Amino acid sequence: MAAAVQWLDKLIEDNADPRVADWPLMQTPIPGTTMVILYLIVVWIGPKLMKNRAPYNLKSVLLVFNFIMVVLSFYTLWEFCMSGWLTGYTLGCQLVDYSMNPKALRMANVCWVFYVSKFVEMLDTVFFILRKKNNQISFLHVFHHALMPFSWWIGVKFVPGGFGTFHAMLNSFIHFMMYIYYFLAALGPTFQKFLWWKKYMTKMQLTQFALCMVHSAQLLFIECAYPKFFACIIWSYGFIFFIMFMDFYFKTYKKSASLAAKKSEQNGVDKSKVH
């Protein structure tokens, strides 16, 4: 066991980006792992503690939180674009710039902010529990929130920039749109008419995963010094989430639409019998 730990420490030391060595949460994966474990404990115990309690009215809290997340998501989107994707990055073999160049440091910084945002987003689940919206806490929801911090600790520690940040840029845009939706939803029934595009959010998420798979897959067919291991992780996540979101889409929209059509047809038959 001790030999394995020493080997892992040596592997991290030899390959980690020295620029991020002293940044908060980046020395070891232990703090991030601890927060994920605490998150899973809350997911398990929270609904049990709330079972005999009235749901909390968190309208003001949700409005503030969702507004903050809109701003944070726009910030990471802007920074990913301005530190690379709109200022010189290529969609092909884009290597990480490990220099102390201000632009390279700006990219590393937004990678770290994006990583930290994954822990902030866990509050979504806490709010669902406190509001007794347990139907929203699906396996897909928990799996997504619990998995992303692990992959992004690795990303910031070893490759904070370059090829692998393409999916983070897309994800920042998706979250920017998603939290605008959540903010409007938190305003109450008066604003329901502005939420007609909920179904299209899922389509945007599916498009995001498809683009990530296509983008990351190219690294298997071109000569590029960017670590293929990370491209494989990105492709795997894209594939897993594409399948899970596609299942969610069909169950939520296609199946419900089919049931609604069948019910409408049934009502039509019943009415014809009455007449």
Side-chain angles (χ1 to χ4, degrees), residues 1-51 53 56 58 61-62 64-66 68-69 72-73 75-76 79 108-134 136-161 164-165 167-168 171-172 175 178-179 182 227 229-230 232-234 236-237 240-241 244:
M1 183 65 180
V5 171
Q6 288 180 350
W7 174 82
L8 183 59
D9 287 342
K10 185 71 165 58
L11 181 68
I12 292 175
E13 183 182 342
D14 291 345
N15 296 281
D17 184 345
R19 298 176 303 171
V20 306
D22 297 324
W23 291 10
L25 304 177
M26 295 313 303
Q27 284 78 14
T28 74
I30 293 175
T33 302
T34 302
M35 283 190 277
V36 171
I37 292 172
L38 289 174
Y39 168 75
L40 293 175
I41 291 173
V42 169
V43 170
W44 177 49
I45 295 180
K48 294 179 175 62
L49 295 177
M50 287 298 299
K51 186 175 181 180
R53 290 180 169 84
Y56 287 90
L58 301 176
V61 175
L62 290 174
V64 172
F65 174 75
N66 290 323
I68 290 172
M69 293 308 297
L72 179 59
S73 299
Y75 170 78
T76 56
E79 289 296 292
N109 178 73
V110 69
C111 286
W112 181 84
V113 173
F114 187 80
Y115 166 63
V116 173
S117 74
K118 300 301 111 182
F119 298 108
V120 181
E121 289 165 10
M122 289 177 176
L123 288 173
D124 284 333
T125 315
V126 175
F127 295 144
F128 284 147
I129 292 171
L130 293 176
R131 295 165 64 216
K132 299 186 77 168
K133 301 282 187 180
N134 295 335
Q136 305 267 22
I137 311 172
S138 63
F139 174 78
L140 170 58
H141 175 88
V142 176
F143 180 73
H144 172 74
H145 283 299
L147 191 64
M148 291 301 287
F150 289 110
S151 61
W152 265 90
W153 183 86
I154 295 172
V156 178
K157 188 70 173 177
F158 299 100
V159 284
T165 59
H167 78 284
N171 189 248
S172 294
H175 279 211
M178 183 179 75
Y179 282 106
Y182 287 160
F229 171 74
F230 294 106
C232 289
I233 290 178
I234 296 168
S236 298
Y237 282 4
I240 291 169
F241 286 124
M244 295 177 77

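Nothing fancy with the numbering, it's 1 onward along the sequence. Just so it is clear, the structure is predicted and the values come from calculations on it, not from any experiment.
In this structure His145 satisfies the side-chain hydrogen bond (donor to acceptor under 3.5 Å, both in side chains) test with no other residue, sequence neighbours excluded. Taking the salt bridge (charged side-chain N to carboxylate O under 4.0 Å, His left out) definition, one finds that Arg131 meets it with nothing, sequence neighbours left out. Here Glu79 pairs with Arg106 under the side-chain hydrogen bond (donor to acceptor under 3.5 Å, both in side chains) rule; sequence neighbours left out. Remark: Phe128 engages His141 in a ring pair (Phe, Tyr, Trp, His ring centres under 6.0 Å) (not counting sequence neighbours). With sequence neighbours excluded, no residue forms a side-chain hydrogen bond (donor to acceptor under 3.5 Å, both in side chains) with Tyr237. Every residue two or more places apart in sequence or in another chain that forms a side chain to side chain contact (heavy atoms under 4.5 Å, CB included) with Phe143 is listed here: Phe139, Leu147, Ile240, Phe241, Met244. For the side chain to side chain contact (heavy atoms under 4.5 Å, CB included) test, residues two or more places apart in sequence or in another chain that qualify with Val116 are Leu25, Trp112. Annotation: ring pair (Phe, Tyr, Trp, His ring centres under 6.0 Å) contacts of Phe229 (sequence neighbours excluded): none. With sequence neighbours left out, the side chain to side chain contact (heavy atoms under 4.5 Å, CB included) criterion links Val120 to Phe65, Met69. Checked against side chain to side chain contact (heavy atoms under 4.5 Å, CB included), Val61 has the following partners two or more places apart in sequence or in another chain: Leu58, Phe127.
Going from atom SG of Cys111 over to atom CH2 of Trp23 covers 8.5 Å, rounded to the nearest 0.5 Å. Atom NZ of residue Lys132 and atom OH of residue Tyr56 lie 10.5 Å apart, to the nearest 0.5 angstrom. We find the CD1-CH2 distance between Ile129 and Trp44 to be 13.0 Å, quoted to the nearest 0.5 Å. We find the CD-OG distance between Glu121 and Ser73 to be 6.5 Å, quoted to the nearest 0.5 Å.
Shortest non-hydrogen contact noted between Lys157 and Met26 is NZ-O, 2.8 Å. Thr76 approaches Ser172 most closely through the heavy-atom pair OG1-OG, 2.9 Å.
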Return a table of donor-acceptor pairs under 3.5 angstrom between the side chains of residues 32-41 and protein atoms on other chains or two or more places apart.
unit_1	atom_1	unit_2	atom_2	d
Thr33	OG1	Pro29	O	2.8
Thr34	OG1	Ile30	O	2.8
Tyr39	OH	Thr125	OG1	2.7

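For Lys48, the NZ atom sits in a packed shell: over 12 heavy atoms of surrounding residues, nucleotides or ligands are nearer than 6.0 Å.
A cation-pi contact, defined as under 6.0 Å to the ring centre and within 45° of the axis, links Lys118 to Phe114.
For the pair Pro149 and Met122, the minimum side-chain heavy-atom distance is below 4.5 Å.
Put simply, the side chain of Asn171 never gets that close to the backbone of His167: no donor and acceptor are under 3.5 Å apart. Proximity of a side-chain donor or acceptor of Ser236 to a complementary backbone N or O of Cys232 within less than 3.5 Å is detected.
Applying the salt bridge (Lys or Arg N to Asp or Glu O under 4.0 Å) rule to pairs touching residues 18-42 yields Asp17-Arg19, sequence neighbours excluded.
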